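Per chain, numbering begins at 1; letters A, B, ... match sequence-line order. Every value quoted in this text rests on a predicted model; they were computed, and no experiment measured them.
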Number of protein chains: 2
Amino acid sequence: MRQWHELLARHAAVFGALEAKLQKRHGIGVNEFEALERLATCEYKCRAADLTQAAQLSQSTTSRLIARMEREGLVERAMCDMDRRGIFVMLTEAGRRLYAQAKPTHRAVLEEVLGAGD
Amino acid sequence: MRQWHELLARHAAVFGALEAKLQKRHGIGVNEFEALERLATCEYKCRAADLTQAAQLSQSTTSRLIARMEREGLVERAMCDMDRRGIFVMLTEAGRRLYAQAKPTHRAVLEEVLGAGD
DNA sequence: TTGCATTAGATGCATCTGCATGTACTGTCT
DNA sequence: AGACAGTACATGCAGATGCATCTAATGCAA
(Lines give C-alpha, C1' and ligand atoms only; values in the text may rest on other atoms or scores of the structure.)
Protein backbone atom coordinates (compact mmCIF):
# COMPACT_ATOMS: atom_id res chain seq x y z
CA MET A 1 0.00 0.00 0.00
CA ARG A 2 2.60 2.57 0.96
CA GLN A 3 4.78 0.81 -1.57
CA TRP A 4 2.22 1.50 -4.25
CA HIS A 5 1.90 5.17 -3.50
CA GLU A 6 5.66 5.55 -3.40
CA LEU A 7 5.91 3.81 -6.73
CA LEU A 8 3.21 6.06 -8.16
CA ALA A 9 4.85 9.22 -6.87
CA ARG A 10 8.33 8.17 -7.89
CA HIS A 11 7.23 7.24 -11.38
CA ALA A 12 5.32 10.47 -11.82
CA ALA A 13 8.32 12.49 -10.66
CA VAL A 14 10.90 10.81 -12.89
CA PHE A 15 8.66 10.40 -15.90
CA GLY A 16 7.43 13.97 -15.66
CA ALA A 17 10.91 15.41 -15.32
CA LEU A 18 12.22 13.35 -18.22
CA GLU A 19 9.27 14.22 -20.41
CA ALA A 20 9.67 17.93 -19.72
CA LYS A 21 13.40 18.17 -20.31
CA LEU A 22 13.50 15.89 -23.32
CA GLN A 23 10.62 17.78 -24.85
CA LYS A 24 12.07 21.20 -24.23
CA ARG A 25 15.65 20.42 -25.21
CA HIS A 26 15.18 17.92 -28.01
CA GLY A 27 11.53 17.91 -28.96
CA ILE A 28 10.91 14.27 -28.11
CA GLY A 29 9.02 12.45 -25.38
CA VAL A 30 10.08 9.65 -23.06
CA ASN A 31 8.69 6.96 -25.36
CA GLU A 32 10.57 8.33 -28.33
CA PHE A 33 13.76 8.34 -26.31
CA GLU A 34 13.31 4.77 -25.11
CA ALA A 35 12.80 3.72 -28.70
CA LEU A 36 15.88 5.60 -29.86
CA GLU A 37 17.89 3.99 -27.12
CA ARG A 38 16.72 0.52 -27.97
CA LEU A 39 17.48 1.10 -31.64
CA ALA A 40 20.88 2.58 -30.91
CA THR A 41 21.93 -0.33 -28.74
CA CYS A 42 20.83 -3.09 -31.06
CA GLU A 43 23.06 -2.96 -34.07
CA TYR A 44 21.42 -1.96 -37.32
CA LYS A 45 17.81 -3.02 -37.04
CA CYS A 46 15.13 -4.18 -34.71
CA ARG A 47 11.67 -5.66 -34.86
CA ALA A 48 8.72 -3.46 -33.95
CA ALA A 49 7.68 -5.85 -31.22
CA ASP A 50 11.05 -5.35 -29.50
CA LEU A 51 10.24 -1.68 -29.09
CA THR A 52 6.91 -2.57 -27.56
CA GLN A 53 8.62 -4.45 -24.79
CA ALA A 54 11.54 -2.07 -24.37
CA ALA A 55 9.32 0.92 -23.69
CA GLN A 56 6.46 -0.89 -21.93
CA LEU A 57 3.95 0.16 -24.56
CA SER A 58 0.87 -1.40 -26.06
CA GLN A 59 1.00 -2.72 -29.59
CA SER A 60 -1.01 0.11 -31.09
CA THR A 61 1.00 2.77 -29.29
CA THR A 62 4.19 1.29 -30.70
CA SER A 63 2.78 1.25 -34.21
CA ARG A 64 1.92 4.92 -33.99
CA LEU A 65 5.18 5.76 -32.27
CA ILE A 66 7.09 4.31 -35.20
CA ALA A 67 4.86 6.18 -37.64
CA ARG A 68 5.51 9.44 -35.81
CA MET A 69 9.25 8.91 -35.68
CA GLU A 70 9.29 7.99 -39.33
CA ARG A 71 7.42 11.18 -40.16
CA GLU A 72 10.04 13.13 -38.23
CA GLY A 73 12.82 11.38 -40.08
CA LEU A 74 14.26 9.59 -37.05
CA VAL A 75 13.71 6.01 -38.19
CA GLU A 76 12.98 4.03 -41.30
CA ARG A 77 10.81 1.01 -41.81
CA ALA A 78 12.08 -1.93 -43.80
CA MET A 79 10.41 -5.11 -44.92
CA CYS A 80 11.31 -8.06 -42.78
CA ASP A 81 12.31 -10.80 -45.20
CA MET A 82 12.19 -13.52 -42.57
CA ASP A 83 8.54 -12.93 -41.79
CA ARG A 84 6.72 -10.70 -44.18
CA ARG A 85 4.09 -9.77 -41.62
CA GLY A 86 6.71 -8.04 -39.47
CA ILE A 87 8.80 -4.94 -40.04
CA PHE A 88 12.30 -3.90 -39.21
CA VAL A 89 12.87 -0.46 -37.80
CA MET A 90 16.22 1.26 -38.03
CA LEU A 91 17.69 4.59 -37.06
CA THR A 92 18.42 7.18 -39.69
CA GLU A 93 21.49 9.39 -39.39
CA ALA A 94 19.27 12.10 -37.91
CA GLY A 95 17.92 9.62 -35.38
CA ARG A 96 21.39 8.55 -34.36
CA ARG A 97 22.45 12.17 -33.98
CA LEU A 98 19.39 13.04 -31.92
CA TYR A 99 19.98 10.11 -29.63
CA ALA A 100 23.56 11.20 -29.08
CA GLN A 101 22.35 14.66 -28.11
CA ALA A 102 19.49 13.52 -25.90
CA LYS A 103 21.33 10.81 -24.01
CA PRO A 104 23.28 13.19 -21.73
CA THR A 105 20.06 15.05 -20.92
CA HIS A 106 18.35 11.78 -20.08
CA ARG A 107 21.15 10.61 -17.81
CA ALA A 108 21.41 13.96 -16.09
CA VAL A 109 17.72 13.98 -15.23
CA LEU A 110 17.87 10.43 -13.89
CA GLU A 111 20.87 11.31 -11.78
CA GLU A 112 19.14 14.35 -10.42
CA VAL A 113 15.70 12.93 -9.73
CA LEU A 114 16.54 9.39 -8.71
CA GLY A 115 19.45 10.60 -6.63
CA ALA A 116 17.50 13.30 -4.80
CA GLY A 117 14.30 11.28 -4.57
CA ASP A 118 15.35 9.20 -1.59
CA MET B 1 19.73 3.55 -15.19
CA ARG B 2 18.75 0.04 -14.24
CA GLN B 3 16.78 1.68 -11.45
CA TRP B 4 14.85 3.67 -14.01
CA HIS B 5 13.95 0.69 -16.15
CA GLU B 6 12.91 -1.28 -13.11
CA LEU B 7 10.74 1.59 -12.01
CA LEU B 8 9.23 1.84 -15.47
CA ALA B 9 8.53 -1.89 -15.69
CA ARG B 10 7.19 -2.10 -12.15
CA HIS B 11 4.90 0.85 -12.61
CA ALA B 12 3.61 -0.47 -15.93
CA ALA B 13 2.95 -3.88 -14.38
CA VAL B 14 1.09 -2.64 -11.31
CA PHE B 15 -0.74 0.19 -13.01
CA GLY B 16 -1.76 -2.02 -15.89
CA ALA B 17 -3.00 -4.81 -13.65
CA LEU B 18 -4.95 -2.40 -11.47
CA GLU B 19 -6.44 -0.63 -14.45
CA ALA B 20 -7.55 -3.89 -16.03
CA LYS B 21 -9.15 -5.43 -12.94
CA LEU B 22 -10.77 -2.26 -11.69
CA GLN B 23 -12.15 -1.61 -15.13
CA LYS B 24 -13.48 -5.10 -15.64
CA ARG B 25 -14.92 -5.61 -12.18
CA HIS B 26 -16.13 -2.14 -11.31
CA GLY B 27 -16.00 -0.03 -14.45
CA ILE B 28 -13.52 2.51 -13.09
CA GLY B 29 -9.88 3.31 -13.77
CA VAL B 30 -6.96 3.73 -11.42
CA ASN B 31 -7.41 7.50 -11.21
CA GLU B 32 -11.06 7.14 -10.32
CA PHE B 33 -10.15 4.71 -7.58
CA GLU B 34 -7.46 6.93 -6.13
CA ALA B 35 -9.97 9.76 -6.03
CA LEU B 36 -12.59 7.58 -4.36
CA GLU B 37 -10.04 6.48 -1.80
CA ARG B 38 -8.97 10.01 -1.02
CA LEU B 39 -12.58 11.10 -0.67
CA ALA B 40 -13.48 8.13 1.50
CA THR B 41 -10.62 8.71 3.90
CA CYS B 42 -11.16 12.41 4.39
CA GLU B 43 -14.39 12.82 6.20
CA TYR B 44 -17.20 14.47 4.30
CA LYS B 45 -15.53 16.72 1.75
CA CYS B 46 -12.33 17.59 0.06
CA ARG B 47 -10.87 20.28 -2.15
CA ALA B 48 -10.30 19.53 -5.80
CA ALA B 49 -6.63 20.37 -5.45
CA ASP B 50 -6.25 17.62 -2.83
CA LEU B 51 -7.27 15.06 -5.43
CA THR B 52 -4.70 16.42 -7.84
CA GLN B 53 -1.94 15.66 -5.40
CA ALA B 54 -3.37 12.39 -4.14
CA ALA B 55 -3.49 10.81 -7.57
CA GLN B 56 -0.45 12.53 -9.10
CA LEU B 57 -2.52 14.19 -11.77
CA SER B 58 -2.34 17.46 -13.60
CA GLN B 59 -4.83 20.17 -12.78
CA SER B 60 -6.83 19.77 -15.96
CA THR B 61 -6.99 16.00 -15.63
CA THR B 62 -8.37 16.38 -12.13
CA SER B 63 -11.01 18.81 -13.29
CA ARG B 64 -12.22 16.40 -15.94
CA LEU B 65 -11.94 13.43 -13.59
CA ILE B 66 -14.32 15.15 -11.21
CA ALA B 67 -16.66 16.00 -14.08
CA ARG B 68 -16.66 12.37 -15.23
CA MET B 69 -17.30 11.03 -11.74
CA GLU B 70 -20.05 13.55 -11.24
CA ARG B 71 -21.67 12.45 -14.50
CA GLU B 72 -21.53 8.87 -13.26
CA GLY B 73 -23.08 9.86 -9.97
CA LEU B 74 -20.09 9.00 -7.80
CA VAL B 75 -19.38 12.46 -6.43
CA GLU B 76 -20.99 15.82 -6.03
CA ARG B 77 -19.56 19.28 -6.31
CA ALA B 78 -20.32 21.91 -3.71
CA MET B 79 -19.46 25.55 -3.49
CA CYS B 80 -16.61 26.25 -1.17
CA ASP B 81 -17.73 29.06 1.07
CA MET B 82 -14.25 29.73 2.39
CA ASP B 83 -12.87 30.54 -1.03
CA ARG B 84 -15.38 30.94 -3.79
CA ARG B 85 -12.85 30.08 -6.48
CA GLY B 86 -12.49 26.57 -5.13
CA ILE B 87 -14.88 23.67 -4.97
CA PHE B 88 -15.55 20.92 -2.52
CA VAL B 89 -15.99 17.42 -3.79
CA MET B 90 -17.82 14.78 -1.81
CA LEU B 91 -18.80 11.17 -2.26
CA THR B 92 -22.37 10.25 -2.98
CA GLU B 93 -23.89 7.11 -1.51
CA ALA B 94 -23.20 5.34 -4.80
CA GLY B 95 -19.59 6.50 -4.68
CA ARG B 96 -19.15 5.23 -1.16
CA ARG B 97 -20.68 1.91 -2.12
CA LEU B 98 -18.49 1.56 -5.19
CA TYR B 99 -15.39 2.32 -3.17
CA ALA B 100 -16.31 -0.35 -0.66
CA GLN B 101 -16.67 -2.87 -3.48
CA ALA B 102 -13.53 -1.86 -5.34
CA LYS B 103 -11.21 -1.64 -2.38
CA PRO B 104 -10.75 -5.40 -1.93
CA THR B 105 -10.03 -5.77 -5.63
CA HIS B 106 -7.45 -3.02 -5.42
CA ARG B 107 -5.72 -4.54 -2.41
CA ALA B 108 -5.74 -8.01 -3.92
CA VAL B 109 -4.06 -6.81 -7.10
CA LEU B 110 -1.40 -4.92 -5.14
CA GLU B 111 -0.74 -7.96 -3.01
CA GLU B 112 -0.44 -10.14 -6.05
CA VAL B 113 1.66 -7.91 -8.30
CA LEU B 114 3.86 -6.19 -5.74
CA GLY B 115 4.36 -9.40 -3.86
CA ALA B 116 5.29 -11.46 -6.90
CA GLY B 117 7.21 -8.68 -8.62
CA ASP B 118 10.37 -9.01 -6.53
C1' DT C 1 -3.49 -28.00 -51.87
C1' DT C 2 -7.01 -26.21 -49.05
C1' DG C 3 -8.69 -24.78 -44.65
C1' DC C 4 -8.13 -22.79 -40.20
C1' DA C 5 -6.08 -20.96 -36.04
C1' DT C 6 -2.49 -17.71 -34.92
C1' DT C 7 0.56 -13.75 -35.23
C1' DA C 8 2.56 -8.87 -36.78
C1' DG C 9 1.37 -4.80 -37.47
C1' DA C 10 -2.12 -0.87 -39.03
C1' DT C 11 -6.22 1.78 -38.19
C1' DG C 12 -11.18 3.75 -36.93
C1' DC C 13 -13.24 5.37 -33.01
C1' DA C 14 -14.15 6.98 -28.59
C1' DT C 15 -11.81 8.73 -24.92
C1' DC C 16 -8.14 10.85 -22.35
C1' DT C 17 -4.25 14.01 -21.88
C1' DG C 18 -1.48 18.28 -21.49
C1' DC C 19 -0.89 22.97 -22.76
C1' DA C 20 -2.45 27.26 -23.13
C1' DT C 21 -5.92 30.14 -22.00
C1' DG C 22 -10.30 31.87 -19.98
C1' DT C 23 -13.18 33.14 -15.97
C1' DA C 24 -13.93 34.15 -11.43
C1' DC C 25 -12.22 35.20 -7.08
C1' DT C 26 -8.53 36.51 -3.44
C1' DG C 27 -5.03 39.29 -1.13
C1' DT C 28 -1.85 42.96 -1.21
C1' DC C 29 -0.20 47.36 -2.07
C1' DT C 30 -1.22 52.29 -2.82
C1' DA D 1 -11.72 52.13 -3.15
C1' DG D 2 -8.76 50.81 -7.40
C1' DA D 3 -5.21 48.37 -9.63
C1' DC D 4 -2.84 44.18 -10.08
C1' DA D 5 -0.40 39.94 -9.33
C1' DG D 6 -1.60 35.34 -7.97
C1' DT D 7 -4.69 31.20 -7.30
C1' DA D 8 -8.68 27.64 -8.26
C1' DC D 9 -10.89 25.55 -11.43
C1' DA D 10 -12.93 25.01 -16.42
C1' DT D 11 -12.32 24.39 -21.32
C1' DG D 12 -10.87 24.60 -26.55
C1' DC D 13 -7.78 22.27 -29.09
C1' DA D 14 -4.34 19.29 -30.89
C1' DG D 15 -2.26 15.20 -30.15
C1' DA D 16 -1.89 10.55 -27.75
C1' DT D 17 -4.06 6.28 -26.02
C1' DG D 18 -6.49 1.73 -25.64
C1' DC D 19 -9.78 -1.35 -27.53
C1' DA D 20 -11.63 -3.71 -31.03
C1' DT D 21 -11.05 -4.88 -35.54
C1' DC D 22 -8.88 -5.36 -40.11
C1' DT D 23 -5.42 -7.15 -43.39
C1' DA D 24 -1.68 -9.85 -44.71
C1' DA D 25 1.27 -13.53 -43.78
C1' DT D 26 2.60 -17.82 -41.27
C1' DG D 27 2.38 -22.66 -39.86
C1' DC D 28 0.05 -26.67 -39.08
C1' DA D 29 -3.15 -30.25 -40.35
C1' DA D 30 -6.41 -32.78 -43.23
Side-chain angles (χ1 to χ4, degrees), chain A residues 8 11-13 15-24 27-35 38-39 45-72 74-90, chain B residues 8 11-13 15-25 27-35 38-39 45-72 75-90:
Chain A
L8 197 58
H11 177 271
F15 194 95
L18 275 178
E19 186 77 25
K21 279 243 168 163
L22 287 174
Q23 197 59 250
K24 180 192 288 197
I28 57 175
V30 174
N31 291 344
E32 276 84 352
F33 181 84
E34 292 293 331
R38 179 75 182 84
L39 287 168
K45 62 195 180 181
C46 180
R47 289 291 289 269
D50 296 338
L51 298 181
T52 301
Q53 207 194 7
Q56 304 286 345
L57 302 174
S58 75
Q59 187 269 315
S60 76
T61 297
T62 304
S63 176
R64 289 183 232 257
L65 175 62
I66 294 172
R68 230 177 301 150
M69 293 177 75
E70 190 179 36
R71 230 182 296 126
E72 289 160 11
L74 300 175
V75 303
E76 276 174 3
R77 265 185 266 230
M79 280 303 114
C80 173
D81 40 332
M82 304 282 87
D83 180 344
R84 282 162 52 189
R85 290 167 302 182
I87 59 166
F88 281 132
V89 184
M90 43 190 156
Chain B
L8 197 58
H11 177 270
F15 194 94
L18 275 177
E19 185 76 27
K21 279 244 167 159
L22 286 175
Q23 196 61 248
K24 180 193 286 194
R25 304 245 270 246
I28 57 174
V30 174
N31 292 343
E32 275 84 353
F33 181 84
E34 292 293 332
R38 179 75 180 83
L39 287 168
K45 63 192 178 181
C46 180
R47 291 289 291 268
D50 296 339
L51 298 181
T52 300
Q53 207 193 7
Q56 302 288 343
L57 302 174
S58 75
Q59 186 269 313
S60 75
T61 298
T62 304
S63 175
R64 290 183 230 259
L65 175 64
I66 294 171
R68 230 176 301 150
M69 293 176 74
E70 190 179 37
R71 229 182 297 128
E72 288 159 13
V75 302
E76 275 174 4
R77 264 185 266 228
M79 280 303 115
C80 172
D81 40 331
M82 302 283 88
D83 179 345
R84 283 162 51 190
R85 292 167 300 181
I87 59 167
F88 281 131
V89 184
M90 44 190 153

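- Residues passing the salt bridge (Lys or Arg N to Asp or Glu O under 4.0 Å) test with B:R47: none are found, sequence neighbours excluded.
- With D:dG18, D:dC9, C:dA10 as the candidates, the nucleotide lying closest to the side chain of A:I87 is C:dA10.
- Between B:L51 and B:L39 there is a side-chain heavy-atom pair separated by less than 4.5 Å.
- A heavy-atom distance below 4.5 Å is found between the side chains of B:R68 and B:E32.
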What protein N or O atoms touch nucleotides 21-28 of chain D N or O atoms at under 3.5 angstrom, if any, and at what distances?
unit_1	atom_1	unit_2	atom_2	d
D:dT26	OP1	A:R84	N	3.4

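- Residue B:G86 is the one, among A:R64 and B:G86, whose nearest nucleotide of DNA chain D lies closer to the 5' end (criterion: closest heavy atom).
- Residues A:S63 and B:R71 each lie close to DNA chain C; by heavy-atom proximity, the contact nearer the 5' end of the strand is made by A:S63.
- Contact annotation for A:S58: backbone-only contact, meaning every heavy-atom pair under 4.0 Å involves sugar-phosphate atoms and none involves a base.
- Phosphate contact (OP1/OP2 of D:dA14, side-chain N/O of A:R68, threshold under 4.0 Å): absent.
- What separates CD1 of B:I66 from C1' of D:dA8 is a distance of 11 Å, to the nearest Å.
- Considering only residues two or more places apart in sequence or on other chains, A:F15 meets the ring pair (Phe, Tyr, Trp, His ring centres under 6.0 Å) condition with A:H11.
- One atom, CD of B:E19, and another, C1' of C:dT17, lie 13 Å apart when rounded to the nearest Å.
- Interatomic distance, B:M79 CE to B:R77 CZ, rounded to the nearest 0.5 Å: 8.5 Å.
- A sub-4.0 Å separation between OP1 or OP2 of D:dC9 and a side-chain N or O of B:R47 is present.
- In this entry the distance linking CE of A:M69 with P of D:dA16 reads 12 Å, nearest Å.
- Look at CG on A:L57: it is 16 Å from P on C:dA8, rounded to the nearest Å.
- Rounded to an integer number of Å, the gap from B:Q23 CD to D:dG18 C1' is 10 Å.
- Going from atom CG of B:L65 over to atom P of C:dT15 covers 16 Å, rounded to whole Å.
- As a whole-Å value, the separation of A:K24 NZ from C:dA20 P is 11 Å.
- Between B:E34 and B:L57 the shortest side-chain heavy-atom distance does not fall below 4.5 Å.
- Between the C1' atom of D:dG15 and the CD1 atom of A:I28 lies a distance of 17 Å, rounded to the nearest Å.
- Looking at heavy-atom distances under 4.0 Å, A:N31 makes contact with sugar-phosphate atoms alone, never a base.
- To the nearest 0.5 Å, atom CD1 of residue A:I28 and atom NZ of residue A:K21 are 14.5 Å apart.
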